[in-house]
Amino acid sequence: MTLAFDLTGKCALVTGASSGLGLHFANLLAQHGAYVTLAARRLAAIENTSRDIAALGGKTKPLHLDVADVAAVEAILAQQPAFDIVINNAGVAATQPALDMQEMDWDATLDVNLKGAFFVARATASAMVKAGRPGAIVNIASILGLRQGGTLSAYATSKAGLIQLTKSLALEWARFNIRVNALCPGYVETDLNRDFFATEAGKAAIKRIPQRRLGRMEDLDGPLLLLASDAGAYITGATLAVDGGHLVSSL
């Protein structure tokens with residue numbers, strides 16, 4: 001299985017690579033031999049990450065990219081070589097009650113999480129087709145694309161749309177040997193949510209997870225590598241939840 005997860009010689013793109021899961025995924029792919037392009041709006045952050053990975057023997061390059069800017073996505077990605085692996089990870093969340101949701105907040109969430117993911121996938125898949133090479137696209141969705149959560153209507157809608165988009169693209173692009181799958185993390189501890197999960201409300205949320213713990217970033221390593229590598233060569237259009245059993249928890 002270690003050999004199946006070997007990404008030596010593969011070129012990968014990770015969006016939203018400046019922090020959180022994107023940063024973790026970029027390091028993971030580089031550790032397994034991929035040449036990783038780190039894409040994000042915060043150029044200084046990905047430049048620092050690129051240097052850190054290089055110091056450990058990995059191969060990366062930074063790419064300034066705002067996935068919500070469709071014209072920029074198409075122009076910038078057209079100048080890149082064809083990728084073998086694309087991790088559509090860039091995402092934002094607007095946590096507001098639906099009655100208070102403003103149009104600009106709704107649009108900002110959908111523009112990054114769904115529209116941006118589509119145009120990144122389309123631009124990179126187009127390059128794969130032109131180069132006549134297979135590829136793997138992994139869209140980072142969420143269990144909130146399959147369930148609901150209070151004050152997250154825009155985010156949940158964007159992730160549900162991303163799951164349906166994954167299936168549609170998998171169907172269209174299978175004939176080109178381009179696999180498209182969705183990875184749906186549950187509650188995974190990050191720097192952004194650590195303080196919340198230390199509160200009473202956060203602790204109560206953890207108790208609703210059947211495994212009674214938060215996910216760790218490394219819990220996503222095997223699933224991501226499976227979908228991105230040749231180990232998952234016959235997997236496309238799949239929705240893989242990694243959530244400690246949260247989706248099957250009792251009502």
Side-chain angles (χ1 to χ4, degrees), residues 12-26 29 36-50 60-80 82-83 85-96 98 100-128 135 137-142 144-145 149 151-169 172-173 178 180-185 188 190-193 224:
L13 171 70
V14 180
T15 66
S18 59
S19 62
L21 291 180
L23 174 59
H24 181 79
F25 293 151
L29 296 177
V36 185
T37 297
L38 302 93
R41 290 178 295 181
R42 292 187 291 165
L43 181 58
I46 54 176
E47 287 177 335
N48 290 335
T49 297
S50 185
T60 69
K61 73 172 182 178
L63 181 68
H64 186 236
L65 184 69
D66 180 356
V67 302
D69 186 339
V70 174
V73 166
E74 293 181 334
I76 292 171
L77 292 183
Q79 300 172 14
Q80 305 300 310
F83 294 102
I85 300 165
V86 176
I87 311 298
N88 248 329
N89 169 79
V92 297
T95 54
Q96 293 176 306
D100 297 331
M101 179 72 65
Q102 301 298 309
E103 181 181 7
M104 62 181 294
D105 296 320
W106 175 273
D107 288 347
T109 303
L110 274 290
D111 282 352
V112 173
N113 296 2
L114 183 56
K115 185 178 177 180
F118 169 73
F119 282 100
V120 168
R122 191 180 75 163
T124 53
S126 178
M128 293 172 190
I137 298 173
V138 183
N139 293 322
I140 307 303
S142 167
L144 282 166
T151 71
L152 287 164
S153 56
Y155 181 80
T157 299
S158 71
K159 294 302 185 179
L162 184 58
I163 290 169
Q164 187 65 11
L165 175 65
T166 296
K167 297 175 182 180
S168 297
L169 298 183
E172 284 195 35
W173 296 344
I178 297 172
V180 189
N181 293 291
L183 181 63
C184 296
V188 176
T190 68
D191 291 339
L192 293 178
N193 63 28
L224 184 87

Donor-acceptor pairs under 3.5 angstrom involving side-chain atoms of residues 105-112: please list them, not counting sequence neighbours.
unit_1	atom_1	unit_2	atom_2	d
Asp105	OD2	Gln96	NE2	3.4
Thr109	OG1	Asp105	O	3.0

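- The backbone N or O of Gly20 sits nowhere less than 3.5 Å from a side-chain atom of Asp191 that would complete a donor-acceptor pair.
- With values rounded to the nearest 0.5 angstrom, Phe25 atom CZ is found 10.5 Å from Thr15 atom OG1.
- For the pair Ala141 and Pro185, the tightest heavy-atom approach, listed with the atom from each and the gap, is O-CD, 3.4 Å.
- To the nearest 0.5 Å, the span separating CG on Asn139 from CG on Leu162 amounts to 4.5 Å.
- Side chain of Thr49 to backbone of Ala45: a donor-acceptor contact under 3.5 angstrom is found.
- Ser142 meets the side-chain contact (heavy atoms from CB on, under 4.5 Å) test with Leu144, Tyr155, Lys159; sequence neighbours excluded.
- Under the 4.5 Å side-chain criterion, counting only non-hydrogen atoms from C-beta, Leu77 is in contact with Leu63.
- Note that NE2 of His24 and OG1 of Thr190 are 12.0 Å apart. Values are rounded to the nearest 0.5 Å.
- Taking each heavy atom of Ala72 and Leu65 in turn, the nearest pair found is O-CD1, 4.3 Å.
- When all heavy atoms of Ser153 and Thr157 are compared, the closest pair comes out as O-OG1, 2.7 Å.
- With Val138 as reference, Ile87 is the one residue of Ile85, Asn89, Ile87, Val86 to meet the side chain to side chain contact (heavy atoms under 4.5 Å, CB included) rule.
- Residue Ala12 comes nearest to Leu29 through the heavy atom pair CB-CD1, 3.9 Å, listed as atom of the first residue, atom of the second, then distance.
- Exactly one residue among Thr60, Val14, Leu43 makes a side chain to side chain contact (heavy atoms under 4.5 Å, CB included) with Leu38. That residue is Thr60.
- Across every non-hydrogen atom of Ser158 and Asn113, the tightest pair is OG-ND2, 3.1 Å.
- For the atom pair CD1 of Ile137 and CZ of Phe83, the computed distance is 11.5 Å after rounding to the nearest 0.5 Å.
- To the nearest 0.5 Å, atom CD1 of residue Ile140 and atom CG of residue Leu224 are 5.5 Å apart.
- Not one N or O on the side chain of Ser126 forms a donor-acceptor pair closer than 3.5 Å with the backbone of Arg122.
- Listed here is the closest heavy atom pair of Ala94 and Met101: O-CE, 4.2 Å.
- Side-chain contact between Leu183 and Asn181: absent, with no pair of heavy atoms (C-beta onward) separated by less than 4.5 Å.
- Leu13 places a side-chain heavy atom less than 4.5 Å from the side chain of Thr124.
- Under the 4.5 Å side-chain criterion, counting only non-hydrogen atoms from C-beta, Val180 is not in contact with Leu165.
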